[in-house]
There are 2 protein chains.
Amino acid sequence: MDGSLTTTPDLEVMCSSAPDAGFAIRDMLGHLGDKWTLLVVGMLEAGPIRYSELKNLVPGISQRMLTLTLKKLERDGLVDRRSYPEIPPRVEYSLTALGRTLLEPALAFAHWARDSGDAIRAARAEYDRR
Amino acid sequence: MDGSLTTTPDLEVMCSSAPDAGFAIRDMLGHLGDKWTLLVVGMLEAGPIRYSELKNLVPGISQRMLTLTLKKLERDGLVDRRSYPEIPPRVEYSLTALGRTLLEPALAFAHWARDSGDAIRAARAEYDRR
DNA sequence: CGGAATCCGGAGGGATACTG
DNA sequence: CAGTATCCCTCCGGATTCCG
C-alpha cells in the first residue's frame with residue numbers, strides 16, 4: 001500500500017459501509033448539536049459545579065434550557081447529577097467517564113470556533129457586500 | 001507556578017475573560033451545530049464533489065437543506081462552489097483552506113459519535129426503565 | 001442536473017410566574 | 001437555591017412543485 005496521498009473519505013466510509021451507522025451519526029449530531037449542549041459540557045470540565053454557578057457561567061442561557069440540557073445529558077449518561085438534601089438545596093453536576101470522552105471533541109470545536117470566528121465574520125461580510 | 005493539577009477551566013476562561021468571546025463561541029455553536037452542517041463538511045473531506053453525489057452520500061437530507069447548508073458554508077468562507085456552464089449543468093463543492101481546518105474537529109466529533117453511540121443508547125434505555 | 005419558491009407542521013427555545 | 005409549568009412565537013426542516 002502506498003502512503004503517498006490516501007484521501008481516506010472517512011465519514012463517507014462510516015456512513016456508506018454500515019447503513020445504520022450513518023443514521024446513528026446523523027442522530028447524534030442532530031441530538032448534541034443544539035445551541036447549548038457543547039457549551040454546557042465544556043463548562044463542566046473543571047469538575048462538580050452547582051446549578052446556579054453553571055447558569056452564571058453560560059452567557060445568556062435560560063433556566064429552562066439549562067435544565068433541559070442537563071436532563072438530556074444525564075439521560076445520555078454523560079452527566080452525573082448529585083443533590084444534597086440541605087436548605088437551601090444544593091445540586092452539583094459533573095461529567096461521567098463517558099461524558100469526559102466528549103470533552104475532547106467539544107473543546108476542539110470550541111477552540112476552532114474561537115480561532116476562526118474573525119475569519120468567518122470577515123468572509124460573511126465579503127459575501128454580503130455583493 | 002505548580003504544574004501539579006491545574007484544572008484549566010478552558011471554555012470558562014474563554015467565555016469569562018472576554019465577554020464578547022463567549023458570545024461568539026455561543027453563536028458559532030448555534031450556527032454550525034445544526035442537524036446537517038458537520039455531516040456535510042465531513043463528506044467534503046475527499047475533495048470536490050457534485051451536488052447530486054453529495055445528496056446521495058448524506059443519508060436522508062432533503063434538497064432544500066443541502067442547498068441551504070451549502071449556501072451557509074459558502075457564505076462563511078468554508079466551502080468553495082464552482083459551477084461549470086455545461087449541459088447538463090455541473091456544480092462541484094469543495095472545502096476552502098479555512099473549511100479544511102474545521103474538518104479536524106468535525107471528524108473528531110463524528111468519530112466520537114460513532115464510538116459512543118452504543119453506550120449512550122444503553123444509558124438512555126437504563127434511564128428510561130425507571 | 002442543480003437548484004429556487006412556496007407551503008406548512010412541529011420542534012426549539014425565550015420570558016415569566018410559581019413551588020419545595 | 002434549584003428547579004417546574006405555562007405561554008407563545010420563531011424558524012427549522014420536510015414535501016412538493018417549478019425553472020434554466
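Excluded from the calculations below are hydrogen atoms, water molecules and symmetry mates; all remaining heavy atoms, backbone and side chain alike, are included. In what follows, chains are A, B, ... by sequence order, proteins preceding strands, each numbered from 1.
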Evaluate A:Asp115 against B:Thr101 for side-chain contact (heavy atoms from CB on, under 4.5 Å), listing each step before the verdict. CA-CA 10 Å; A:Asp115 297 340; B:Thr101 66; over 6 Å; no
Which distance, rounded to the nearest 0.5 Å, do you find between the CZ of B:Arg90 and the OH of B:Tyr84? 5.5 Å
CG-CG distance between A:Leu78 and A:Leu70, expressed to the nearest 0.5 angstrom: 11.5 Å
Given atom [atom1] of [X] and atom [atom2] of [N], what is their separation to the nearest angstrom?
X: B:Arg81; N: C:dC1; atom1: CZ; atom2: P; answer: 16 Å
X: B:Asn56; N: C:dG2; atom1: CG; atom2: C1'; answer: 13 Å
X: A:Leu66; N: C:dA15; atom1: CG; atom2: C1'; answer: 16 Å
X: B:Leu54; N: C:dC1; atom1: CG; atom2: P; answer: 15 Å

Pairing residues for B:Glu104 by the salt bridge (charged side-chain N to carboxylate O under 4.0 Å, His left out) criterion, not counting sequence neighbours: none
Holding to salt bridge (charged side-chain N to carboxylate O under 4.0 Å, His left out), I want the full list of residues that pass it with A:Lys35, two or more places apart in sequence or in another chain. none
Start with the C-alpha gap between B:Phe109 and A:Leu38, add the side-chain angles, then the distance that decides, and say whether side-chain contact (heavy atoms from CB on, under 4.5 Å) holds. CA-CA 11 Å; B:Phe109 198 51; A:Leu38 286 187; 4.1 Å; yes
Got a sec? Which of residues 82-92 of chain B come in under 4.0 Å of DNA chain D, heavy atoms? B:Pro89
Distances under 3.5 Å between nitrogen or oxygen atoms of protein and nucleotides 13-16 of chain D:
{"unit_1": "D:dG13", "atom_1": "N7", "unit_2": "B:Arg64", "atom_2": "NE", "d": "3.1"}
{"unit_1": "D:dG13", "atom_1": "N7", "unit_2": "B:Arg64", "atom_2": "NH2", "d": "2.6"}
{"unit_1": "D:dG14", "atom_1": "OP2", "unit_2": "B:Ser62", "atom_2": "OG", "d": "3.1"}
{"unit_1": "D:dG14", "atom_1": "O6", "unit_2": "B:Arg64", "atom_2": "NE", "d": "3.2"}

Side-chain contact test, heavy atoms from C-beta onward, threshold under 4.5 Å: evaluate it for [X] versus [Y] and give yes or no.
X: A:Leu102; Y: A:Leu32; value: yes
X: B:Lys72; Y: B:Asp34; value: yes
X: A:Thr67; Y: A:Tyr51; value: yes
X: A:Asn56; Y: A:Glu53; value: no

The side chain of A:Arg50 is closest to which nucleotide in this list: D:dT4, D:dC1, C:dG2? D:dC1
Taking side-chain contact (heavy atoms from CB on, under 4.5 Å) as the test, write out the residues that go with B:Pro89, two or more places apart. none
Please list, by residue number, the residues of residues 70-78 of chain A whose heavy atoms come closer than 4.0 Å to an atom of DNA chain C; answer none if no residue qualifies. none
Contact under 4.0 Å: A:Thr67 side-chain N or O vs D:dG3 OP1/OP2: no
Just N and O in the side chain of B:Tyr51: are any of them under 4.0 Å from OP1 or OP2 of C:dA4? no
